[in-house]
Amino acid sequence: MSKDVTFTVQPGGALGGHLRVPGDKSISHRAIMLGALADGVTEVSGFLEGEDSLATLQAFRDMGVQIEGPENGRVVIHGVGLHGLQAPPGPLYLGNSGTSMRLLAGLLAGQRFDSVLTGDVSLSGRPMRRVTEPLAEMGAVIGTTEAGTAPLSICGDQPLHGIDYVMPVASAQVKSCLLLAGLYARGRTCVTEPAPTRDHTERMLAGFGYTVQREGAKVCVEGGGRLTASNVEVPADISSAAFFMVGASIAEGSDITLEHVGINPTRTGVIEILRQMGADLSLSNERTVGGEPVADIRVRAASLRGIHIPEEQVPLAIDEFPVLFVAAACAAGETVLTGARELRVKESDRIQVMADGLQILGIDARPTEDGMIIQGRGGEARPLGEGRVVSHGDHRIAMAFAMAALRASGPVVIENCANVDTSFPNFVTLAQQAGLRIRSETHE
Ligand code: S3P
């Protein structure tokens, strides 16, 4: 528990070669969940062996599901059917993983047994009323702290009924939570989203033979069906590939190809935003794998320019802003982000934490309530200074600042990097192979 990791990244260098980043985190979680609840045996390949998706896997083992692996990304799940889960022996500990907690809250609200969901300090500070309130409307009984945070105490044996819910925030976790509860509800459960969010749950439900209806921004499921086991091939995570997309864009002489990356249109905001900034990205070998589009992405260095990021792109790039802020610091002119208040309630307050770190590296980065204004220094060979920044235990902050070193004038030291293992366990090795001068030290 007391393990801490510091990254030290020497300045300069360029990124090159062919790289396959680990499996998509969102899809890995859902593969375990739906595989466990299906009738039959589901085989998953490309599974992300990161702490977050492993927390989901362990939760289902604790509820009596037999799961083989993971071994080289291969997991075999012996599904128990929608009504086959057993009461866990104690609280389900979900570490840093918001997706595990919010999706499981919906699924467990429909079980016959009680359950308790807990997490680490960061997860225990994140808002859960966004799921517990609509679940209560469906008939669920869930206790939170007074602040509306975990631990979540979920009472079993509560009959659920379908609702027609209009989400106040664009959140795939809330949408997915309610759809999973909807599998156990009487009647139809519908969720309307204010803007498109990742649709992996809907795609995978359909892949497991469950009817999902979509009418514009509204998505609905009817309770009382069943899931049929289906094999899942998890593509590489575009959110992990994003660090290398930005790194290669900002470091002169870079030319890197990221293989087999998921390019689901609800996830490709980072590509769109980088292209608007002048990045040189080309997609090839586009194909569909297990209901999800994938491609190889080649990225070559380019001169970036600052932009006003279109608000409709925000939910489509929601996890990529830490590294996009680094791109903005290396772009010519001002970049303005608005409409991204959600960044304040991620694994850390990503607006504040990134602004603090960029300022330490000499960048004029002004946090606003719902975004940031960054004066890019793209005209300079080394737009960023050197220094020591803190990631606040947020994996994506740590990896974003690692890439910043490519254009820094001296070493960048990043504290609190242990949680990189939640989403990208082999980051340091892959980054070294690609050309980043990164070293990782573990302290007890
Ligand atoms: C996720 C949805 C997003 C994202 C998170 C994964 C998912 O969260 O930030 O990393 O797998 O559904 P929100 O639903 O809170 O936007």
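We're numbering straight along the sequence, starting at 1. Here the structure is a predicted model, which means the values were calculated and not measured. Remember, it's 1-based here, ligands and their atoms both numbered in the order they're listed.
To the nearest 0.5 Å, the span separating CZ on Arg407 from CD1 on Ile250 amounts to 6.5 Å. Taken to the nearest 0.5 Å, the CG atom of Asn416 stands 5.0 Å off from the CG atom of Asp4.
Listed by first and then second residue, the ring pair (Phe, Tyr, Trp, His ring centres under 6.0 Å) pairs that reach into residues 24-74 come to none, sequence neighbours excluded. Judged as a ring pair (Phe, Tyr, Trp, His ring centres under 6.0 Å), not a single pair has a partner in residues 189-218 (not counting sequence neighbours). Listed by first and then second residue, the salt bridge (Lys or Arg N to Asp or Glu O under 4.0 Å) pairs that reach into residues 160-177 are Asp164-Lys218, Lys175-Glu193, Lys175-Glu202, sequence neighbours excluded.
Taking the six-membered ring for Trp and thresholds of 30 and 60 degrees, Phe325 and Phe321 have ring planes inclined between 30 and 60 degrees apart.
The immediate protein surroundings of ligand 1, defined as residues with any heavy atom under 4.0 Å of it, consist of Ser26, Arg30, Thr99, Arg102, Ser171, Ala172, Gln173, Arg198, Ile318, Asp319, Lys346.
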